[in-house]
Amino acid sequence: MVAPKFSTKPKICYRPIRPSDLETLEHIHTKVFPVRYEATFFHDVVNGCDIVSWGVVDSNRPDGRCDELIGFVTARVVFAKESEIVDLLGYDSAKSDQTVVYILTLGVVDTYRKLGIASSLIKEVIKYASSIPTCRAVYLHVISYNKPAIFLYKKMSFKCIRRLQEFYLINGLHYDSYLFMYYLLPAIVGYLRSGFKLMAARLCKCKSDDRKISKWTKCKDKIR
């Protein structure tokens with residue numbers, strides 16, 4: 001892949017998304033995504049209403065628009081028990097305090113793609129999720145034909161968990177979606193504990209069955 005050419009070398013900076021970014025944020029979403037979002041979504045993003053976000057700017061732009069968004073990621077923290085991945089998180093995921101981070105949107109304008117910006121944004125989300133003691137995973141949906149995004153998430157160690165049939169409805173047509181998930185360390189530990197607990201339960205059952213068989217055999221010998 002060849003990186004885009006610039007008259008001046010980009011100086012990529014990351015900052016919070018602000019209310020002044022509203023118009024640019026809406027414009028980029030319209031250009032990047034086939035799905036249309038309600039106005040309330042954008043207002044929630046720029047005002048930080050139950051949505052966390054990171055913005056990207058090029059502080060070395062020759063046109064002077066050094067503080068204008070060129071990329072972004074938006075996400076939301078949700079309770080694990082209310083998410084669609086609760087069954088994939090281990091035995092303790094139904095506890096009331098367990099959470100997951102759901103990536104809502106991730107986008108970079110065409111001119112600034114292939115510079116590693118999307119990867120950096122994903123890392124920011126993972127870092128944020130890892131800072132939450134109760135967080136077990138980061139997950140998202142990808143439309144089935146978005147091959148570059150699928151490749152990116154796999155490269156970032158996300159696991160493709162499910163294919164959801166006809167998940168999206170765009171211009172009257174249905175499209176499938178892939179569910180990708182990145183397990184945080186506590187979730188992996190939970191899985192291991194769950195596995196060990198199940199294994200221990202099976203071993204105990206086997207030992208109990210063996211004892212029953214042994215007692216029955218001894219009783220049978222006495223009868224003889």
Side-chain angles (χ1 to χ4, degrees), residues 1 17 25-45 49-56 69 71-90 93-94 98-110 112-114 116-130 132 135-184 187-188 190-191:
M1 293 188 293
I17 292 179
L25 189 68
E26 290 179 326
H27 176 74
I28 299 177
H29 272 78
T30 302
K31 289 286 186 180
V32 172
F33 301 110
V35 179
R36 296 294 169 256
Y37 293 85
E38 299 290 336
T40 52
F41 167 75
F42 298 107
H43 283 280
D44 287 345
V45 172
C49 297
D50 295 323
I51 294 178
V52 291
S53 62
W54 292 261
V56 187
L69 289 181
F72 56 83
V73 63
T74 65
R76 175 180 282 127
V77 180
V78 299
F79 285 115
K81 64 181 181 180
E82 297 175 359
S83 73
E84 60 189 291
I85 60 170
V86 63
D87 60 315
L88 303 170
L89 297 173
S93 58
Q98 303 300 290
T99 60
V100 292
V101 170
Y102 178 54
I103 295 180
L104 299 165
T105 59
L106 168 67
V108 179
V109 299
D110 289 344
Y112 287 88
R113 290 181 180 177
K114 301 178 183 178
I117 295 174
S119 298
S120 296
L121 288 169
I122 295 170
K123 289 177 182 178
E124 287 297 322
V125 176
I126 293 174
K127 181 180 177 181
Y128 169 76
S130 300
I132 304 173
C135 191
R136 294 293 172 260
V138 178
Y139 77 106
L140 54 93
H141 295 97
V142 181
I143 198 164
S144 58
Y145 62 71
N146 193 344
K147 304 302 181 184
I150 292 170
F151 175 81
L152 171 65
Y153 291 120
K154 287 182 177 180
K155 185 180 74 172
M156 300 293 294
S157 299
F158 279 73
K159 305 300 181 185
C160 185
I161 305 300
R162 292 170 180 154
R163 181 169 183 142
L164 306 172
Q165 301 292 327
E166 299 185 348
F167 184 82
Y168 294 104
L169 178 61
I170 303 171
N171 298 325
L173 298 176
H174 285 98
Y175 296 90
D176 293 352
S177 167
Y178 290 112
L179 175 64
F180 277 86
M181 184 160 63
Y182 181 95
Y183 290 96
L184 300 177
I188 297 175
Y191 254 125

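FYI, the numbering just counts along the sequence from 1.
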Closest heavy-atom pair and its distance - [X], [Y]:
| X | Y | result |
| --- | --- | --- |
| S83 | V78 | CB-CG2, 4.3 Å |
| V101 | A129 | CG2-CB, 3.7 Å |
| S119 | K155 | OG-NZ, 4.0 Å |
| A149 | V142 | CB-CG1, 3.9 Å |
| I85 | L89 | O-CG, 3.4 Å |
| I28 | L69 | CD1-O, 3.6 Å |

Flag the pair F158 / Y153 as yes when their ring centroid distance falls below 6.0 Å, and as no otherwise.
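Close enough - the centres of the two rings lie under 6.0 Å apart.
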Would you check, one step at a time, whether the test side chain to side chain contact (heavy atoms under 4.5 Å, CB included) holds for L104 with R76?
CA-CA 7 Å; L104 299 165; R76 175 180 282 127; 3.9 Å; yes
Interatomic spacing from [atom1] in [X] to [atom2] in [Y] - rounded to 0.5 Å:
| X | Y | atom1 | atom2 | result |
| --- | --- | --- | --- | --- |
| I161 | Y183 | CD1 | OH | 4.0 Å |
| L152 | K154 | CG | NZ | 12.0 Å |
| K159 | L88 | NZ | CG | 14.0 Å |
| L106 | W54 | CG | CH2 | 11.0 Å |
| Q165 | S144 | CD | OG | 9.0 Å |
| I122 | I117 | CD1 | CD1 | 12.0 Å |

So V100 and M181, side chain to side chain contact (heavy atoms under 4.5 Å, CB included) or not? Walk me through it.
CA-CA 10 Å; V100 292; M181 184 160 63; over 6 Å; no
Starting from the C-alpha separation in whole Å, work towards a yes-or-no answer on side chain to side chain contact (heavy atoms under 4.5 Å, CB included) for C135 and V77.
CA-CA 9 Å; C135 191; V77 180; over 6 Å; no
Between V108 and V56, is the side chain to side chain contact (heavy atoms under 4.5 Å, CB included) condition met? List the steps.
CA-CA 9 Å; V108 179; V56 187; over 6 Å; no
Among all residues two or more places apart in sequence or in another chain, which pass the ring-ring contact (aromatic ring centres under 6.0 Å, His included) test with Y102?
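Partners of Y102 by the ring-ring contact (aromatic ring centres under 6.0 Å, His included) criterion, ordered by chain and then number, come out as Y139, H141.
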Test ring-ring contact (aromatic ring centres under 6.0 Å, His included) applied to F41 - qualifying residues, sequence neighbours left out:
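F41 satisfies ring-ring contact (aromatic ring centres under 6.0 Å, His included) with H29, Y37 once adjacent residues are dropped.
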For T74 and T105, indicate whether the former's side chain and the latter's backbone hold a donor-acceptor pair under 3.5 Å.
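Checked: pair present.
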Hey, are the side chains of I170 and R36 touching, using non-hydrogen atoms and a 4.5 Å cut-off?
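No; the side chains remain at least 4.5 Å from each other.
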Taking the side chain as every heavy atom from C-beta outward, state whether F79 and V86 have any atom pair closer than 4.5 Å.
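Result no, sub-4.5 Å side-chain heavy-atom pair not found.
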